[in-house]
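Please read all numbers here as calculations on a predicted model, not as lab measurements. All residue numbers refer to positions in the sequence shown, counting from 1.
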Amino acid sequence: MLLHLKSLLRPDELTTARSLLGDDAPWVDGRGSAGGQAVHEKNNEQLAQDSPQAARLRELVLAALQRDPVFFAAALPRRIFNPMFNRYRGGSNHYGAHIDGAVLQSRQPAQWVRTDLSCTLFLANPGDYDGGELVIHEPQGAQRVKLPAGDLVVYPGSTLHEVTPVTRGARIASFFWVESMVRSPEQRRLLLEMDMALVKLRARTDANAPELVQLTGTYHNLLRMWADT
C-alpha cells in the first residue's frame, strides 16, 4: 500500500529545512550508507549524520510525524530509523532499482530497525528540478511519485524502487524507515481502514453510541491481538 500524506511539514518548517540544507551544508557521498547491493546503484549526496544540521532536522521531522494522526494510524510505529537527508543533482543524480535492507542500524537513538515501511519526505518543490521521480515497482505496475515540498509518501520496505536521474536543479528529501508494531501489511491495512471509518463515524454520530463503542473495542482488540511492542 502506498500512502500520500499532504503537508506533513508546515511552511515555516520547510523554510527552516531548506536553510539548513544549502550548499554550505556538510554533504557527503551517499554511497557510504548503502548496503552491498545498493552501493552499486546509489549515486547521490547525503547530509553528514553527525552534523548539527542533521540533528536539528531530525528533531523537526520526528516532531512532525508525532503530530500526524494518519501517519500513526497507518504505520503503527514501534521504532523509527533516524531521518536522513539526501540531494540529487549534477553528477550525483540517481539511485538505481534496489530493495532496502531488511534490518538497518539507526544512530539516533542507536537501535536496529526492521524496515517494514519506507518513507520519503519531499523538501524541494517539483518545479525546482526535472526528473528525480521515486519509482515504486509493484506487481500491478510502476508508480511514479514526485510530490509537493512538505508531503510524505509511505510504501512497503520490501518494494523494488528507484530514483530517476535529475537533469535540472536539485531534488532534496528526507528518508527513513519504520518498524511497525504490526508486522503484517494486510493486518496494518485492515486496521487503517477500520480506524479511518471510525473517525468518520465519530464525526457523524454520538460518540457514545453502543455500535460505535463496540466497533472501537473491536479495533483495539484486533490491535491487541496483532501488535508486538
Side-chain angles (χ1 to χ4, degrees), residues 1-14 58-83 100 102-104 106 108-109 111-122 134 136-141 143-145 147-159 161 173-229:
M1 178 179 67
L2 185 152
L3 180 67
H4 174 193
L5 298 180
K6 298 180 180 180
S7 301
L8 183 78
L9 293 186
R10 300 187 298 257
D12 62 304
E13 293 172 325
L14 275 173
R58 281 194 296 268
E59 293 176 357
L60 186 150
V61 173
L62 290 172
L65 293 174
Q66 289 171 2
R67 67 172 182 253
D68 192 294
V70 179
F71 171 78
F72 183 86
L76 295 168
R78 183 185 185 194
R79 298 189 180 98
I80 299 177
F81 189 99
N82 57 260
D100 295 328
V103 182
L104 300 176
S106 176
Q108 299 291 334
Q111 59 183 351
W112 288 95
V113 178
R114 188 181 65 237
T115 58
D116 296 326
L117 296 165
S118 296
C119 304
T120 297
L121 174 60
F122 289 79
L134 171 64
I136 301 169
H137 298 275
E138 297 183 319
Q140 63 270 33
Q143 297 199 53
R144 305 177 76 88
V145 182
L147 302 182
D151 286 14
L152 176 75
V153 62
V154 182
Y155 59 99
S158 57
T159 309
H161 59 283
S174 175
F175 64 100
F176 53 95
W177 296 270
V178 177
E179 178 179 327
S180 179
M181 291 185 286
V182 177
R183 186 168 187 163
S184 163
E186 293 81 7
Q187 291 171 349
R188 282 199 307 272
R189 181 166 192 156
L190 287 171
L191 288 167
L192 175 61
E193 291 174 352
M194 181 177 284
D195 196 4
M196 294 299 96
L198 285 168
V199 168
K200 293 177 181 177
L201 283 172
R202 291 190 190 102
R204 290 164 40 189
T205 190
D206 178 9
N208 295 317
E211 298 84 357
L212 189 52
V213 172
Q214 184 175 10
L215 284 173
T216 301
T218 299
Y219 170 87
H220 286 287
N221 285 333
L222 287 172
L223 181 57
R224 184 177 293 108
M225 184 187 304
W226 293 337
D228 183 12
T229 62

Seminar exercise, completed: Interatomic distance, CG@Leu223 vs OG1@Thr229, rounded to 0.5 Å, equals 9.5 Å
Exercise. If you measure from CG on Leu14 to CG on Leu60, what distance do you get to the nearest 0.5 Å?
Worked result: 8.5 Å
Exercise. With a 4.5 Å limit on heavy-atom distance, are the side chains of Leu215 and Leu201 in contact?
Worked result: yes
Exercise. Is there side-chain contact between Thr115 and Phe81, with heavy atoms separated by less than 4.5 Å?
Worked result: no
Exercise. Got Tyr219 and Leu198 here, is their nearest side-chain heavy-atom distance under 4.5 Å?
Worked result: yes
Exercise. Considering all heavy atoms of both residues, which atom of Gly150 and which atom of Leu121 are nearest to each other, and what is their separation?
Worked result: O-CD1, 3.6 Å
Seminar exercise, completed: Interatomic distance, OG1@Thr218 vs CE@Met225, rounded to 0.5 Å, equals 10.0 Å
Exercise. Going by heavy atoms in the side chains, are Val145 and Phe122 under 4.5 Å from each other?
Worked result: yes
Problem set entry | Min side-chain heavy-atom separation Thr120-Tyr155 under 4.5 Å | yes
Exercise. Quick check: are there more than 12 heavy atoms from other residues, nucleotides or ligands sitting under 6.0 Å from CZ of Arg189?
Worked result: no
Exercise. What's the verdict on salt bridge (Lys or Arg N to Asp or Glu O under 4.0 Å) for Asp228 and Arg78, showing C-alpha distance, side-chain angles and the deciding distance?
Worked result: CA-CA 8 Å; Asp228 183 12; Arg78 183 185 185 194; 3.8 Å; yes
Exercise. Among Arg188, Met1, Glu179, which one satisfies side chain to side chain contact (heavy atoms under 4.5 Å, CB included) with Leu117?
Worked result: Arg188
Exercise. Run the side chain to side chain contact (heavy atoms under 4.5 Å, CB included) check on Val199 and Arg202 step by step: do they pass?
Worked result: CA-CA 5 Å; Val199 168; Arg202 291 190 190 102; 4.2 Å; yes
Problem set entry | Derivation of the side chain to side chain contact (heavy atoms under 4.5 Å, CB included) call for Glu211 and Thr205 | CA-CA 10 Å; Glu211 298 84 357; Thr205 190; over 6 Å; no
For this session: Could you check if a side-chain atom of Phe176 sits within less than 4.5 angstrom of a side-chain atom of Ser106, using non-hydrogen atoms only?
Result: no
Exercise. With distance as the sole test, does Thr159 use its side chain to make a donor-acceptor pair with the main-chain N or O of His161 at under 3.5 Å?
Worked result: no
For this session: Answer with yes or no whether the side chains of Ser118 and Asp100 bring together a donor and an acceptor at under 3.5 Å.
Result: yes
Problem set entry | Spacing of Ile80 atom CD1 and Gln66 atom CD [to the nearest 0.5 Å] | 7.0 Å
For this session: Evaluate whether atom CZ of Arg67 has more than 12 neighbouring non-hydrogen atoms of other residues, nucleotides or ligands under 6.0 angstrom away.
Result: yes
Exercise. Is there a donor-acceptor pair closer than 3.5 Å between any side-chain N or O of Asn221 and the backbone N or O of Gly217?
Worked result: yes
Problem set entry | Asp151 side chain to Ser7 backbone, donor-acceptor under 3.5 Å | yes
For this session: Could you give me the CA-CA distance, side-chain angles and deciding distance for Val153 and Leu2, then say whether side chain to side chain contact (heavy atoms under 4.5 Å, CB included) is met?
Result: CA-CA 7 Å; Val153 62; Leu2 185 152; 3.8 Å; yes
For this session: Any chance you could measure Glu186, atom CD, to Trp226, atom CH2, to the nearest 0.5 Å?
Result: 10.0 Å
Exercise. To the nearest 0.5 Å, what is the distance between OG (Ser180) and CG (Leu76)?
Worked result: 5.0 Å
Exercise. So which heavy atom on Val178 is nearest to which on Cys119, and how close?
Worked result: CG2-SG, 4.0 Å
Problem set entry | CA sep, side-chain torsions, deciding dist, call: Met194, Leu222, side chain to side chain contact (heavy atoms under 4.5 Å, CB included) | CA-CA 10 Å; Met194 181 177 284; Leu222 287 172; 4.1 Å; yes
For this session: Say whether, by atom type as modelled, one donor and one acceptor occur between the side chain of Ser184 and the main chain of Gln187 under 3.5 angstrom.
Result: yes
For this session: Report the C-alpha distance between Arg10 and Glu13 in whole Å, list the side-chain angles of each, state the deciding distance to 0.1 Å, and finish with yes or no for salt bridge (Lys or Arg N to Asp or Glu O under 4.0 Å).
Result: CA-CA 5 Å; Arg10 300 187 298 257; Glu13 293 172 325; 3.3 Å; yes
Exercise. Under a 4.5 Å cut-off applied to non-hydrogen side-chain atoms, are Leu65 and Phe72 in contact?
Worked result: no
